[in-house]
Structures are given as C-alpha cells and as structure tokens.
Amino acid sequence: MAEGGDAATVAHEAGNAVQETPKAEPEKAAAAAEPAAPAEPAEPTVRTIVLTGHGGYDKLSVQQKPQPKAGKGEVLVRVKAAGLNFSELMVRQGLHDRMAKPPVVLGMEAAGVVEELGEDVSGLEVGQNVICLAQTGMWREVVAVPATNVFLMPEEMSYEEGAAIPLSYLTAYFMLFDFGNLRPGKSLLVHIAAGGVGWAATQLAKTVDNVTVFGTASASKHDAIKENGVDHPIDYRTRDYSEEIKNISPKGVDVVLDPLGGADTSKGLQLLRPMGKIITYGSANMVKGENRNLMKMAKTLWQSTSVSPVSLVKTNKAIAGFQLAHLTGEIDLVRSAFQDILNMYKDGKIKPRIDSVWAFEQVAEAMQQMNERRNIGKVILSPEKEPTKPAEGDAVPTSPIKKKKPSLFRRLSKRASRSKDEGEKKDEVKNAKKESPIKQEEPEKADDNKATNGHIQQTPEDEKIDGEAAKQAEEKVEEAVKEEAPTEPAAQEEKKEEAPAVEEPEKTQVTIENPAETDDAKAAAADIVPADDKPVENEEKGAGDASQEAE
C-alpha cells in the first residue's frame, strides 16, 4: 500500500513539472527580447599639466584628468592661454611653501571663454571672453573658477595678453602704488627689467609724471627695456649696478623692487635715499639650474640682510614684503586694483609683451626659456597650440630627462681617490729614482778618489748614465700616469706632462664664511661649488648675477 502510494505521488509531481515547463519558457524569451540598459557615458576628461614631484623638468607631464564641474558660485571656462611665472619654477624645485604637495596642477592665471555658469552666478554670460585668477590649477583645458576671480576681457585684448596681465601687473601695481607710494619726481630701481613683473613695473611707473627708472638686464635686452620706458639700463653682468646708480644719482633712489634676495637686498637697502622704501617679493637668487641647489640656497640665506627697527629709524628707511598669493582674503582690494589696470590697458597706457607661446606638451622647454634668462616679457602656455620642433640654428632645450648631479658623498669620495692616486704617483717617482742605474753604481765608485766633502764627483760618463737613467724614470712615470689617470682634454694632459701636480689645486672658497666651520668642511664646500657661482668682480655682484633675468 505504501509502495502504491509512493508511485502515485511521483507520477503526480512529474505531471506538475510537465505542466510548469511551458510557462517558464515564454518568460525567459520575453526577458531576452527586452533591450539591454544603455551604458553610462564616460566621464569627460581634459588635458592637464601635472607636477608629479619636486625636481627637474621630467617631473612635469600632460595627463588626462576628469573635467571640472561648475559648482555653486563658480564659472566653467575653456582655457585659451595660461601664464607661466617664476614662482612655478620655485614650486617645481620644492622652494615654495604655499603649494600643496605633488601631484598637483600648477598655474595661477589664464584667459578663455565661459562655457557654463554655476548656481548663483550673475553678471557673466556663456561665450564671453574672460580672465581668470586662482591660487593654482589653471594649467588645464577647462577650469572651474569662483566668479569673484573672473574678469571680463576688453574686446581689443588677445587671449595671450589676458593671461599675461594678472600676476605681473597686480604685483607691480600693489608694490608701486600701495607700498611704494610712487609720486611725481621720484626714482625707481627695477631688477629683471625684461621679465614679466619688471616689464609691468616700468610701464606702470611711467604713468606717473617725471619718474626716473633704473633697470637691470643683460646688454642684449637694453634696447627693448629702453623702448619700454627704462631711463638708465644697466648691464649687471659687466658692471656693479650699485656704483652705476650712485654715479648718476649720488643720493640713491626712492624705491627698490627686489625679487632677488640675499646680498642684493642689502645692496638695495644701501641704495635708498632718506624716506626710501625697498619692497622684496621673491628669492630668485636661490634658483640655479634645473634642480634645487642646496649651496645656492644656503648662500642666499646666509647673505640675507638682518635689520633692526632702530637702524631703520636712524636712516629713515622702510622695508616691505609682498606676495599676491597671500591676498586671498582681500578679493575686493584685488578686484579694484585689477579693474584700474584694465582701464589703463583700454587707455593705451600699458601693454604686456609676449615673449613666446608654448604648447602644453612643451612646458619643460617653456620653463627652461625662463630659467636660462632668455625671455623678454611673458612666457605663455597654450592648450590649443601644437608642439613644434626648434628651427635649425635655434638653441635646442635640454632634454627633460637630465643626468643627475653626483651626490656630495660621491664628489668627496672622488676627491679622496684623486688625492690617493697622486700620492701613489709620487711614491712611484721616488721608487723609480731609487732603482735607476746611477744609484746602483754609486757604491762601486765610492772608493775612488772622487769624493770631496761628502759629495760624489761625477765624470762625463757618470753624467751620461745619470741622464739616461732619469729619462727612463720619467718615461716610466708618464706611462703609469696615462694608465691610471682619467681621460682629460689634450691641453690639460700637456699641462700635467710639463709640471705634474703634486698637491690638489686650490679651489675658490664659498662666499659663506662661518667661524664655526672646520677647515675640512670649508674645503669640501669649496670643491662642490659650481663654477657659475664664482663672483665676477666682487662677492655682492656675483650673488645677483645668477638670477637677474628671471621673471
């Protein structure tokens, strides 16, 4: 009975399964017939210059990054041109403390077209040409900027000019008219007169009647800066600018704009007339070459002036410091000054000079153009410009991947090895002379009656043997030197053959003199100072030479 019941149950379940199968198949077919859900569109990206770390030009690369979005109170702008400033060179080398740690997008000024307005933005429209100002992040194809930092461009202004104006002209404006209180009949010293800020300061100074401008620049740039308004151009490479100014104006100048730092700040303070002011706005003397130079930094800091308030009271002079990046909380002050600058442009009183325009992919070459003091005016980056190859005969920029300078340990080790080699060469000379034939024959001839007062009296035959032995010894030493000494220019080899150096040549001492230093430390420091760091005429002049043509 149980078996029959089980069989009936199995048959019943099988029938149910057969009945359910046709219902499942139409459901699967209907699901297959439904169209697949559309894939989400890929997030738009924009080409962006990214600083991946502190160091040389190879730390900059163009990458695809997500396109920014206009948030509340922001404006989305498509960048047509962006400015390059000397501060970005210092940021790349790790000498600027205000920037975020890499990876970071640089760029503080740009010009372009409004593409989108965020919530609560008024006074601007899509399609308008504008100038943007920000702490960082302008080296992108598209940027999102607070509306308070966006300014309408004059119709006659180009995108390159729009990107060249903000930092250079605002910096010069605040230094001359707020700190400097420049008035008719005053005199002014502008360092780096061919750079972006120097160019702007000269033009703004000339908007005041009867202002005399002294400007430093290399001789090849004198015609350009004179045309821009400099009354007395000075070639800092061949002359002491301090002496040149005093020859023309014995009492000095009323205002000094100092982007150099170090010894040049002290010289600038000495150049001030009573009631004069020096405004320092950079430390360009710290920048030497592609990578950070610790010796240059130490030298600049060591030579920096230290002034007590009492000395300022006694001399009736003033010192001020300025950096536009630290005026972020004073946007109304900045907008007022910038509107005044734009009005001067419309009236034809000022006009920025564009030195060169580079593609984003050539940012390393653009920085090198500025770092090597070859620019006159502003260097611009353009996301729309195609990279170009240098024309035949033009200076080819250094490859971004540059051989790293040997470490201090390696240089000191090399020096010790060189000294050891020279000591071994000296010992070899002595041994060669001991083994010469003349030395071997001396005992045999000692019993002859040729000794007088303890000295050997040589015959003509002895002199001949002596000459041949000395010649053989010299040839042996020369062969040893050629085998051990590193390859050097032919002129240096000839010099070594004529007069082999017994001791290490004396090196030029570093200009930093600290009584606490030991003799060994001084010698080591002297050995690693680059040749370019040697002063041209005097120590103070040399400190300024390194950076005069930076922006």
Side-chain angles (χ1 to χ4, degrees), residues 41-50 62-85 88 105-170 196 331 334-335 338-339 341-346 350-363 366 377-388:
E43 186 177 1
T45 60
V46 293
R47 286 163 51 245
T48 305
I49 300 176
V50 180
V62 178
Q63 303 177 11
Q64 291 289 340
K65 293 292 183 180
Q67 178 174 310
K69 299 179 180 179
K72 184 176 181 180
E74 292 184 335
V75 180
L76 200 66
V77 178
R78 180 161 294 276
V79 174
K80 300 293 184 180
L84 173 62
N85 296 280
E88 273 113 18
V105 181
L106 303 182
M108 295 178 282
E109 56 189 350
V113 182
V114 176
E115 283 200 344
E116 182 182 335
L117 301 177
E119 186 181 351
D120 295 339
V121 174
S122 59
L124 295 170
E125 297 178 2
V126 174
Q128 288 180 320
N129 293 331
V130 293
I131 299 172
C132 309
L133 186 64
Q135 284 285 331
T136 186
M138 293 288 100
W139 290 357
R140 308 174 190 259
E141 287 182 304
V142 178
V143 296
V145 189
T148 54
N149 293 7
V150 177
F151 308 86
L152 286 175
M153 279 177 50
E155 294 182 0
E156 62 272 23
M157 182 180 288
S158 67
Y159 291 122
E160 291 75 17
E161 289 178 333
I165 282 184
L167 262 71
S168 295
Y169 281 81
L170 278 170
I331 190 62
V334 173
R335 288 191 66 87
F338 196 67
Q339 193 57 54
I341 291 170
L342 292 178
N343 291 336
M344 292 184 191
Y345 178 89
K346 294 176 183 178
I350 62 172
K351 186 176 181 63
R353 171 166 175 152
I354 307 303
D355 171 78
S356 53
V357 181
W358 304 80
F360 268 16
E361 289 74 13
Q362 292 179 299
V363 61
K378 195 78 171 184
V379 178
I380 299 296
L381 299 172
S382 172
E384 298 183 346
K385 183 178 177 62
E386 293 294 331
T388 57

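Because the structure is predicted, anything quoted here is derived from the model rather than measured.
Using a 3.5 Å distance cut-off with no hydrogens or angles, the side chains of E155 and N129 do not pair a donor with an acceptor. Using modelled atom types, one finds a donor on one side chain and an acceptor on the other under 3.5 Å when comparing S168 with K378. For the residue pair Y345 / E156, no side-chain donor-acceptor distance below 3.5 Å is found, with atom types taken as modelled.
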### Task
Could you check E109 against N85 for side chain to side chain contact (heavy atoms under 4.5 Å, CB included), going step by step and ending with a plain yes or no?
CA-CA 9 Å; E109 56 189 350; N85 296 280; 2.9 Å; yes

### Task
Under the side chain to side chain contact (heavy atoms under 4.5 Å, CB included) rule, what do M108 and L167 come out as? Steps first, then yes or no, please.
CA-CA 8 Å; M108 295 178 282; L167 262 71; 3.4 Å; yes

### Task
Start with the C-alpha gap between I341 and L170, add the side-chain angles, then the distance that decides, and say whether side chain to side chain contact (heavy atoms under 4.5 Å, CB included) holds.
CA-CA 8 Å; I341 291 170; L170 278 170; 3.8 Å; yes

### Task
Run the numbers on V75 and L124 for side chain to side chain contact (heavy atoms under 4.5 Å, CB included), then give the verdict.
CA-CA 9 Å; V75 180; L124 295 170; 3.7 Å; yes

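One distance of note links CD of E161 with CD1 of I354; it measures 6.0 Å at 0.5 Å rounding. Between atom CG of residue L152 and atom CD1 of residue I131 there is a gap of 9.0 Å, rounded to the nearest 0.5 Å. Taking NZ from K65 and CD from E43, the interatomic distance works out to 11.5 Å, rounded to the nearest 0.5 Å. Distance check, rounded to the nearest 0.5 Å: CD1 of I165 to CD of E160 gives 12.0 Å. Interatomic distance, CG of L84 versus CD1 of I380, reported as 8.0 Å (0.5 Å rounding). Rounded to the nearest 0.5 angstrom, D355 CG and R353 CZ are separated by 7.5 Å.
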Validation: residues 141-150 side-chain donor-acceptor distances under 3.5 Å, sequence neighbours left out:
{"from": "E141", "atom 1": "OE1", "to": "R47", "atom 2": "N", "distance (Å)": "2.7"}
{"from": "E141", "atom 1": "OE2", "to": "R47", "atom 2": "NH1", "distance (Å)": "2.9"}
{"from": "N149", "atom 1": "ND2", "to": "L133", "atom 2": "O", "distance (Å)": "3.0"}

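Side-chain contact between Y159 and V79 is absent, with no heavy-atom pair separated by less than 4.5 Å. Here the side chains of Q67 and L76 are in contact, with some heavy-atom distance below 4.5 Å. Under the 4.5 Å side-chain criterion, counting only non-hydrogen atoms from C-beta, V130 is not in contact with M153.
The nearest pair of heavy atoms linking M138 to A110 is SD-CB, 4.0 Å. In this structure, A70 and E116 approach most closely via the heavy-atom pair CB-OE2, 4.2 Å. In terms of heavy-atom proximity, S382 sits nearest to V357 at CB-CG1, 3.8 Å. Minimum interatomic distance between P387 and A359 (heavy atoms only, all atoms of both residues): N-CB, 3.7 Å. Considering every non-hydrogen atom in both A163 and A81, the closest pair reads CB-O, 3.5 Å. P66 and V46 make their closest contact through O-CG2, 4.3 Å (heavy atoms, listed as atom of the first residue, atom of the second, distance).
Checking R78, K69, K80 one by one against E115, the salt bridge (Lys or Arg N to Asp or Glu O under 4.0 Å) holds for a single residue, R78.
Listed for the Q362 side chain is a donor-acceptor partner under 3.5 Å among the backbone atoms of T388. With hydrogens and angles disregarded, a donor-acceptor distance shorter than 3.5 Å links the side chain of T136 to the backbone of V105. Side-chain atoms of W139 never come within 3.5 Å of backbone atoms of V363 as a donor-acceptor pair (strictly under, hydrogens ignored).
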